[in-house]
There are 2 protein chains.
Amino acid sequence: MNKPKIADIIAHKMESMILEGVLKPGEKLPAERKLADKFEVSRPTLREAIKKLTAKGLLRTHQGGGNYVCESLAPSLTDPLLEIFRERPNTRFDVLEVRHALEGQAAYYAAMRCTEVDKQIIQERYQAMLETHGGPDPRAEAKADTEFHMAIAEAADNVVLLHVMRGLFTLLLDSISFSHDKLYTKPGVFKKLKNQHHALMTAVVDGEPDKARQAAHDHLVYIEKTLQEIDKEEARKERALRRLTPFAK
Amino acid sequence: MNKPKIADIIAHKMESMILEGVLKPGEKLPAERKLADKFEVSRPTLREAIKKLTAKGLLRTHQGGGNYVCESLAPSLTDPLLEIFRERPNTRFDVLEVRHALEGQAAYYAAMRCTEVDKQIIQERYQAMLETHGGPDPRAEAKADTEFHMAIAEAADNVVLLHVMRGLFTLLLDSISFSHDKLYTKPGVFKKLKNQHHALMTAVVDGEPDKARQAAHDHLVYIEKTLQEIDKEEARKERALRRLTPFAK
DNA sequence: TATCATATATTGGTCAGACCATTTTTGTTA
DNA sequence: TAACAAAAATGGTCTGACCAATATATGATA
């Protein structure tokens with residue numbers, strides 16, 4: 001009577017994987033046959049679990065192409081922000097301000113709660129960030145940066161924080177602007193960012209919550225100032241261009 | 001690519017039968033084997049359709065007993081992620097933790113940025129909270145509480161923060177639980193909350209950012225502790241009830 | 001060597017049939 | 001008539017096969 005159905009158990013496991021950030025928005029799942037093997041159930045049972053999750057809006061299926069975690073898990077939160085972002089680019093600074101609150105807290109709790117595996121993941125993501133630097137695609141660098149910060153959020157062990165932060169980073173990535181690009185290419189900036197990321201990582205790995213929170217704040221202050229400088233430089237360049245070609249349209 | 005899946009077509013047909021009253025709340029469906037024959041599909045496909053409708057809250061299943069239309073048809077699903085949070089009561093404390101970050105910040109910036117109109121709105125909402133207290137519906141009280149905090153978030157003048165906080169409060173209101181109800185009815189709690197809300201409002205209105213942030217934190221720490229106490233009391237009551245009627249099922 | 005077309009492999013979708021677990025119904029006995 | 005046991009019905013799961021759509025690999029051509 002109260003015996004849980006296997007399909008529901010599997011669905012719950014997969015849901016937990018999404019909730020805890022093991023499966024990320026947009027991520028492709030292994031093939032059904034493989035997943036069924038992995039969970040040690042039959043494929044029709046696995047399919048029933050998947051059907052449940054697609055009905056709940058967590059997964060989408062693609063015949064011949066695979067099953068995916070949906071990109072947007074909290075559209076009521078993120079869709080309006082996307083719209084606001086398009087209309088008002090300065091909302092970027094509002095996001096940064098909120099990041100101060102969220103990432104300060106994430107770093108603090110990560111320093112208190114992270115496991116050895118979390119530490120390893122954080123270090124790997126830091127390394128990936130270094131290796132991505134200078135590549136042809138600033139988006140890849142932004143993505144590596146995001147994944148580093150998300151590793152810290154994962155270590156904080158708070159699923160609500162994790163998903164709110166994931167939503168904000170997705171927002172930033174989707175709308176990455178010209179001046180934001182410059183964060184990664186402006187001389188001297190990378191070295192500074194690298195040091196700040198390293199300080200943040202060290203504080204988390206060494207289990208120093210207050211230091212970690214401060215490191216996160218310092219990092220964001222620097223980003224905010226740098227973006228403002230970049231904006232000013234761009235504005236100056238545009239003004240200079242207008243002096244050069246006053247009648248161009 | 002756009003070819004509709006048979007299971008989805010069947011689910012849609014059955015859903016229509018429910019919506020149009022052909023199938024009534026509480027009604028038992030024909031057996032799966034009969035339904036599959038009737039719709040001229042295989043039983044696993046029919047089962048996938050049923051799984052979809054159970055995930056959407058329209059059907060419930062009873063091994064050996066049959067499938068039934070649900071008595072109270074659930075409202076249509078909102079965000080998938082928010083739905084998971086609702087199903088997992090322990091995420092309440094994750095939400096509270098994130099509120100520490102966000103509301104501390106909101107209070108801080110509200111104290112720095114609020115206009116005379118903002119101040120007036122905050123005071124009106126505080127007053128509304130007092131007037132709602134003790135009414136028949138704890139949800140109305142929760143709503144007034146929410147609107148007070150949202151007034152502070154509005155005064156912080158950061159649209160991203162406002163939106164994220166609105167999302168979290170919406171989640172709390174939608175999933176208001178029994179023990180959360182007790183926040184407003186447990187002896188002594190309201191007076192404490194009232195004082196804390198007043199301290200928060202005063203710090204904001206007087207333009208004291210650090211004080212405002214601290215007031216927000218104190219308030220949330222108190223809520224968290226009180227909810228934990230309420231949970232423990234409820235657990236004790238349940239245990240006592242089980243001692244009283246040990247063989248009841 | 002790069003591009004395009006075709007073949008093959010992979011992956012989700014559906015089916016048939018069998019068996020298991022739980023509940024309901026039916027039949028038998030006291 | 002009530003209680004119990006057996007049979008039937010019904011949902012749950014599995015195996016294996018085949019179909020439809022997509023992705024990838026291979027071969028041909030410019």
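Numbers restart at 1 for each chain; the letters A, B, ... are given by sequence-line order, proteins then strands.
Among D:dG11, C:dC15, C:dG13, the nucleotide with an atom closest to any side-chain atom of B:T45 is C:dC15. When each of D:dC14, C:dG12, C:dT22 is scored by its nearest atom to the side-chain atoms of A:K3, the top-ranked nucleotide is C:dT22. In this structure, of D:dG11, D:dT13, C:dG13, it is D:dG11 that holds the atom nearest to the side chain of B:T61.
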Donor-acceptor pairs under 3.5 angstrom involving side-chain atoms of residues 155-164 of chain A: please list them, not counting sequence neighbours.
from   : atom 1 : to     : atom 2 : distance (Å)
A:N158 : OD1    : A:V160 : N      : 3.0
A:N158 : OD1    : A:L161 : N      : 2.9
A:N158 : ND2    : B:D94  : O      : 3.1
A:N158 : ND2    : B:E97  : OE1    : 3.0
A:H163 : NE2    : A:I18  : O      : 3.3
A:H163 : NE2    : A:L19  : O      : 2.7

Anything under 3.5 Å between a donor and an acceptor, one on a side chain of residues 127-134 of chain A, the other on a protein residue two or more places apart or in another chain? List them.
from   : atom 1 : to     : atom 2 : distance (Å)
A:T132 : OG1    : A:A128 : O      : 2.6
A:H133 : ND1    : A:E141 : OE2    : 2.6

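The distance between atom CD1 of B:I50 and atom P of D:dT13, rounded to the nearest whole Å, is 13 Å. Separating the CZ atom of B:F39 from the C1' atom of C:dG13 is a distance of 18 Å, rounded to the nearest angstrom. If you measure from atom CG of B:L46 to atom P of D:dG12, you get 11 Å, rounded to the nearest angstrom. In this structure, the CD1 atom of B:I6 is 11 Å from the P atom of C:dA16, given to the nearest Å. Rounded to whole angstrom, the span from the CZ atom of B:R60 across to the C1' atom of D:dG11 amounts to 14 Å. The interatomic distance linking B:K51 (NZ) with C:dG13 (P) rounds to 16 Å, in whole Å. Distance, A:L59 CG to C:dG13 C1': 16 Å, rounded to whole Å. Between A:E40 atom CD and D:dC14 atom C1' there is a gap of 14 Å when expressed in whole angstrom units.
With A:L102 as reference, A:L168 is the one residue of A:L220, A:L168, A:V95 to meet the side chain to side chain contact (heavy atoms under 4.5 Å, CB included) rule.
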Query raised in the report: What string of B, S and - do you get for nucleotides 5-11 of chain C, 5' to 3', if B is base contact, S is sugar-phosphate-only contact and - is no contact with any protein heavy atom under 4.0 Å?
Result: ------B
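Side-chain contact check for A:D8 and A:H12: no donor-acceptor pair (N or O, by modelled atom type) lies under 3.5 Å. Side-chain polar atoms of A:T146 and A:R166 form no donor-acceptor pair below 3.5 angstrom.
Judged by distance alone, with hydrogens and angles left aside, B:R43 brings a side-chain donor or acceptor within reach of the base of D:dG12, the pair sitting under 3.5 Å.
Salt-bridge annotation for B:E15 and B:K52: absent, with no side-chain N of the basic residue lying under 4.0 Å from a carboxylate O of the acidic one.
If you find the closest nucleotide of DNA chain D to A:K5 and to A:P44, the one lying nearer the 5' end belongs to A:K5.
Side-chain rings of A:H219 and A:H149 approach one another, their centers coming within less than 6.0 Å.
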